[in-house]
Visitor: 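Submitted below is the structure of interest, expressed as structure tokens.
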Amino acid sequence: MLKRTKYCGHVCEEDLGKELVLNGWVHRIRNHGGVIFIDLRDREGIVQCVVEEKTNPEVFELADSLRSEYVIALRGTVRRRPPGTENPKLKTGNYEVVIKELEVLNTSETLPFPVDEETHLSEETKLRYRYLDLRRESMRENLLFRHKAYQVARRVFGEEGFVEVETPFLTKSTPEGARDFLVPSRLHPGKFYALPQSPQLFKQILMVAGFDRYFQIVKCLRDEDLRADRQPEFTQIDFEMSFVDEEDVMSFSEKLISTMFKELLGVELKTPFERISYAQALEKYGSDKPDRRFGLELIDLSSIFKNTEFKVFRQALENGGVVKGINFKGSNLSRKEIDELTQFVQSLGAKGLAWIKVEDGKLNSPIVKFFSQEETHALIESTKAESGDVIFFSADKREVVYKVLGNLRLHIGKKYNLIDTKRFDVFWVVDFPLLEWDEEENRFVSLHHPFTSPREEDILLLQEALRVQDLEEKKRLIQSVRARAYDLVINGYEVGGGSIRIHKKELQELVFKLLQISELEAQEKFGFLLEALRFGAPPHGGLAFGFDRLVAIMRGLDSIRDVIAFPKTQKGICPLTGAPDYVEPKQLKELHIKVVE
RNA sequence: GGAGCCGUAGUUCAGCCCGGUCAGAACGCCGGCCUGUCAAGCCGGAGGGCGCGGGUUCAAGUCCCGUCGGCUCCGCCA
């Protein structure tokens, strides 16, 4: 076999006149009768190879038998293309390789879809023939970019003294958080390992062990429903640091992220990154991971309507809710477009969508007739309403209004192309509450995770909350307890999150109590952590980045599937391998598993 | 668990709203011609019965119901 001396995509000026050997795939082939052009492709790119019938009849004949995606090796000399025949679309477009010797290493059946152009393919086809999909330029570049991202990240961790440590995949199921993937134990009938949702506890324990700074680029597994930005297995850049506070963790994160943007994209991010509070994010954007690349901010109208005759608004306010609006300025939406948006919010569970269209200085709407003069004036003022604007309202419990208007805002932003997609909007969300009340579970749950430290000055509130019997009073106290947590948001995606952890056993036990995790359960599930905290655990904190999301955002992609080599469909299926699948009864028996229909 | 969009040649799509030459286009594939193309060109050819199952109808890609699959979203995702 002729062995490669250079990648196709690397052929350049210095190769002129030289002989080289190329290995690759027939990307395209053009037969002009007496001359054949072969675009030969490998990982690094494409170069045109040429053979003339007159000068090399044997090779010509063989070349004529080539088809798309045949695997070939060839020996030839590099020459400059004749003037006027250069191809500026190719990096190697000024050169061509005159084939001297040609070897067919393998043939290929006709492909199920073209590899040589970027036609849109259904996700199913892409994944079923992922090896072909990955030959396509955009996918290849996505994975090569991802590869470079690993390299930069590893280097930065190395420079900053982080130690790479692997943590177990077969571990223990923990309550709280996502649903676990379980692995039955053959050696211990009836017992199960859980695949890790994150290496959270292990990295904390590594801090107790004194490693000071740990990192890992690691798979995490969560058995939850999929989304464009969520796969059941995904990759985190995970790290933890000892003897630090939030400023240290955030500033290291900024260094890591800005270095990646600089080196991989040539984009200079301004550091330190901007910070906004959780409350502010919700107030202004109705989301804890807002996309701030466009306006349409939420406007609070509660005070305007506090005495309103309009039943819908009044009831919402009387029930402790809010009235908020967004002004889609200059949109001149038609009735049909407004109806479409109404349908959208209804799909989120809203009853309807109140709106006002401003036309020729008049408010055109089914609801203005319920407003008093003062209300109307105040409304126009707060929303800066002008002709051409359409204002949407939501009046309900705070969470519902945030959900409805936050999603509506995003929907409009996307649908009407309001988003400046060239921009990277990078910022921290901080000042999260430590706990929130969960209606369904009828208890407090952690906003981040149960190991997140509250602010020092809020610990007293926690202790008081534990003593208080009255639930409303308890809620009130707990509401104001802030977590030492921080999320990194880029372009409306949560790409990372972390916190300073609890490093004292007493505080950890207090939080477990507030989460209504019994002492027994805490001992059973987290005993090893509590025990570790007894033996000189240093103050520590860290963060984890969603690597797939980060890479997708950097590449301007909407779905993380495009930066994962072998992702799953929305139903969690791998069309390439057919996983998940049934297994042999023998396997089940060994695992002491009986399948119940 | 729920909502929406989609499912027609190998691929990407049109046709579905207004049932009855509606089974089409492009690319790909096969054969032929052609010495400078690079989404090569020109000529010719093969290829699907419209995801699947019911129903309505004289007649169904076309209407209705169910089901499966893909995607997007809500729930869920500490």
Side-chain angles (χ1 to χ4, degrees), chain A residues 27-40 46-55 60 67-69 81-90 92-93 96 109-129 132 174-180 197-198 200-201 220-232 234 340 343-350 400 403-404 406-407 410-411 414 432 434-436 438 440-441 444-452 483 485 494 497 499 511 515 517 544 546 558-559 561 568-571 573 575:
Chain A
H27 188 65
R28 268 193 283 257
I29 183 161
R30 294 176 292 281
N31 183 343
H32 285 251
V35 60
I36 291 174
F37 298 102
I38 299 166
D39 289 342
L40 190 64
I46 290 169
V47 67
Q48 172 166 288
C49 306
V50 61
V51 58
E52 293 186 345
E53 183 166 30
K54 163 175 95 183
T55 51
F60 183 90
R67 294 292 176 268
S68 282
E69 299 304 306
R81 292 202 195 183
T85 67
E86 300 88 354
N87 184 353
K89 287 187 220 158
L90 287 182
T92 62
E96 63 187 7
E109 290 181 18
T110 301
L111 301 170
F113 56 81
V115 164
D116 64 347
E117 53 182 85
E118 296 296 328
T119 49
H120 169 264
L121 296 176
S122 79
E123 204 66 24
E124 204 178 2
T125 311
K126 277 165 74 80
L127 298 185
R128 166 101 168 71
Y129 300 98
L132 298 179
T174 52
E176 306 287 297
R179 188 177 297 112
D180 288 316
Q197 298 174 25
S198 84
Q200 182 61 36
L201 296 176
C220 301
L221 300 110
R222 296 177 188 177
D223 189 7
E224 298 292 349
D225 288 353
L226 291 83
R227 287 284 189 287
D229 65 345
R230 272 165 38 190
Q231 285 272 313
F234 62 100
E340 189 277 329
Q343 266 180 11
F344 173 77
V345 299
Q346 281 172 336
S347 79
L348 299 172
V400 177
K403 177 178 163 187
V404 169
N407 279 301
L410 205 58
H411 182 74
K414 285 182 185 156
F432 287 86
L434 184 72
L435 306 169
E436 63 182 352
D438 186 310
E440 261 174 48
E441 293 204 41
F444 293 101
V445 295
S446 297
L447 216 74
H448 271 77
H449 56 57
F451 321 108
T452 301
E494 184 198 320
S499 62
V511 170
L515 292 170
I517 298 174
D558 292 324
S559 168
R561 287 188 302 271
K568 308 225 171 358
T569 67
Q570 200 176 38
K571 290 236 163 95
I573 281 164

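The sequence lines fix the lettering, A, B, ..., with proteins before strands; numbering per chain opens at 1.
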Visitor: What is the per-nucleotide protein-contact pattern of nucleotides 70-77 of chain B, from the 5' end, where B denotes a base atom under 4.0 Å from a protein heavy atom, S denotes such proximity for sugar-phosphate atoms only, and - denotes neither?
Guide: SBBBBBBB
Visitor: Per the side chain to side chain contact (heavy atoms under 4.5 Å, CB included) rule, which among A:D223, A:L226, A:L221 passes with A:P232?
Guide: A:L226
Visitor: Can you tell me if CZ on A:R230 sees more than 12 non-hydrogen neighbours from other groups inside 6.0 Å?
Guide: yes
Visitor: Quick one: the side chain of A:E96 and the base of B:G36, do they pair up donor-acceptor inside 3.5 Å?
Guide: yes
Visitor: Can you tell me whether the base of B:G61 sits syn or anti, using the 90° cut around 0 to define syn?
Guide: syn
Visitor: Provide the closest heavy-atom pair for A:F60 versus A:E52 in the form atom of the first, atom of the second, distance.
Guide: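 Of all heavy-atom pairs spanning A:F60 and A:E52, the closest is CD1-C, 3.8 Å.
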Visitor: Under 4.0 Å, heavy atoms only, any strand: does A:H120 hit a base, just the sugar-phosphate, or nothing?
Guide: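 Result for A:H120 = sugar-phosphate.
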Visitor: Would you classify A:L447 as touching base, sugar-phosphate or nothing, given that sugar-phosphate means primed atoms plus P, OP1 and OP2, and contacts are heavy atoms under 4.0 Å?
Guide: sugar-phosphate
Visitor: Quick one: label A:Q231 by what it contacts on the DNA or RNA (base, sugar-phosphate, nothing), any heavy atom closer than 4.0 Å.
Guide: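 The answer is nothing, as A:Q231 stays clear of every strand by at least 4.0 Å.
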Visitor: Could you give the CG-to-P distance, from A:D223 to B:G1, as a whole number of Å?
Guide: 13 Å
Visitor: For a quick check of understanding: with a heavy-atom distance under 4.0 Å over all strands, which category does A:I36 fall into, base, sugar-phosphate or nothing?
Guide: nothing
Visitor: Now, which nucleotide makes the Watson-Crick or G-U wobble pair with B:C63, with each of the two distances under 3.5 Å?
Guide: B:G55
Visitor: If you compare every side-chain N and O of A:R30 against the phosphate oxygens of B:U37 (OP1, OP2), does one of them come in below 4.0 Å?
Guide: no
Visitor: Rounding to the closest angstrom, what is the interatomic distance between B:G19 and B:U62 at atom P?
Guide: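 Pairwise P distance, B:G19 against B:U62, rounds to 12 Å.
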Visitor: With a 4.0 Å cut-off on heavy atoms, is A:P82 in touch with a base, just the backbone sugar-phosphate, or nothing at all?
Guide: base
Visitor: Pick base, sugar-phosphate or nothing for A:D39, based on heavy-atom distances below 4.0 Å to the nucleic acid.
Guide: sugar-phosphate
Visitor: With a 3.5 Å cut-off and just heavy-atom distances, do the side chain of A:R81 and the base of B:C38 make a donor-acceptor pair?
Guide: yes
Visitor: At 4.0 Å (heavy atoms only), tell me whether A:T174 reaches a base, stays on the sugar-phosphate, or touches nothing.
Guide: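 No contact at all - A:T174 keeps every heavy atom at 4.0 Å or more from the nucleic acid.
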